[in-house]
Amino acid sequence: MKAVIPCGGLGTRFLPITKSIPKELLPIVDVPVLSYIINESINSGVTEVLIVINPKKQIIKDYFSRDDELYEKLHKLGKADLIEQLNLFNNIDIRFIEQKSPLGLAHAVYLAKEFVGNEPFCLLLGDDLTISETPVTKQLIDLFYQTSSTIIGVQRCDNDDIVKYGVADVIDYNGKFSRIKGIIEKPPISKLPSRLACFGRYILKDIFRYIKNIGMANNGEYLLTDALGKQCLDSSVFAYEFEGSRYDMGDKLSSLKAAIELSLLRKDFGKELKKYIKELATRI
Ligand code: G1P
């Protein structure tokens, strides 16, 4: 399956650093958030990725392009270990397309129409980072092969943060996956259709014809939620409660927590970090 990763947002919640560095390139120690998201797709069997960027984020393209000068330099110095680190994503085809106006997620997805053709595809939002034994996208793909239906990755959200997300309107609650009749985008707490929040992972099938038929929302954007709502009228759409941790990388505290969890998993200094955190905990 192919994957689409929209990276259009302005990152205003992460100012001031996002004045010059797109939030998708913010590092988790030495690796940008976007690399983790691409790795999730690779580990789920994806071989082609389209990254939708806004024109001010050309630096994202630079990160993924080959730096011949640096390569030559390291080669002359015999630094094979460092060269190894420059060989980013050799086994995957990464392409870019620009979203020239900030017209929303559905608009960003529609730009991928030519890239994906008529096939189902994975959508991974650049804001949402997941950590799990079986990659979240793989969990969704596995369910897609059982149902042949659009799948939306959700998790229970029992706190007030739920109002920041699309929330699934469930018809048949069936433990881990449920058929839905729509998604309510950012509902007030008094009008929650469920406690299942959409956390940025989707397998989309036949979505373009629904996107084509939606209007602009009050906020001036085309919402993917509206297209999915239309699809629910015609065919089964499922919300799947995926396993794993999920972090909002547009939020400062959440991104720090993700950095800690991922760093604890690192082979080079994970153990040292754990020791340090335990020692620090005795002092605070
Ligand atoms: C978008 C979607 C929303 C989803 C969220 C996940 O919202 O519209 O349904 O829950 O991503 O991160 P945004 O974060 O762009 O406001």
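Counting starts at 1 for both ligands and their atoms, following the listed order. Keep in mind that what you see is a predicted model, and the values were worked out from it rather than measured.
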Can you give each donor-acceptor pair under 3.5 Å made by side-chain atoms of residues 100-109, sequence neighbours left out, with the distance rounded to 0.1 Å?
residue, atom, partner, partner atom, Å
His107, ND1, Gln99, NE2, 2.9

(message) Would a single hydrophobic cluster contain both Ile17 and Val31, if residues Ile, Leu, Val, Met, Phe, Trp and Tyr are joined by side-chain heavy-atom contacts under 4.5 Å?
(response) yes

(message) For residues 146-168, which residue pairs pass the ring pair (Phe, Tyr, Trp, His ring centres under 6.0 Å) check, not counting sequence neighbours?
(response) Tyr165-Phe199

Could you go through ligand 1 and note, for every N or O atom, any protein N or O atom closer than 3.5 angstrom, writing the atom names and distance to 0.1 Å, or 'none'?
residue, atom, partner, partner atom, Å
ligand 1, 7 (O), Lys186, NZ, 3.3
ligand 1, 8 (O), Glu185, OE1, 3.3
ligand 1, 8 (O), Glu185, OE2, 2.7
ligand 1, 9 (O), Gly166, N, 3.2
ligand 1, 9 (O), Glu185, OE1, 2.8
ligand 1, 9 (O), Glu185, OE2, 3.4
ligand 1, 10 (O), Gly166, N, 2.9
ligand 1, 10 (O), Cys198, O, 2.6
ligand 1, 12 (O), Asp128, OD1, 3.4
ligand 1, 12 (O), Asp128, OD2, 2.9
ligand 1, 16 (O), Lys186, NZ, 2.7

(message) Between Lys176 and Glu243 (salt bridge meaning N to carboxylate O under 4.0 Å), is one present in this structure?
(response) yes

(message) Could you work out, with ring-ring contact (aromatic ring centres under 6.0 Å, His included) as the rule, every residue matching Tyr110, not counting sequence neighbours?
(response) Phe208

(request) Examine Leu140 and Leu228 and state if one hydrophobic cluster contains both, with Ile, Leu, Val, Met, Phe, Trp and Tyr joined whenever side-chain heavy atoms are less than 4.5 Å apart. (result) no

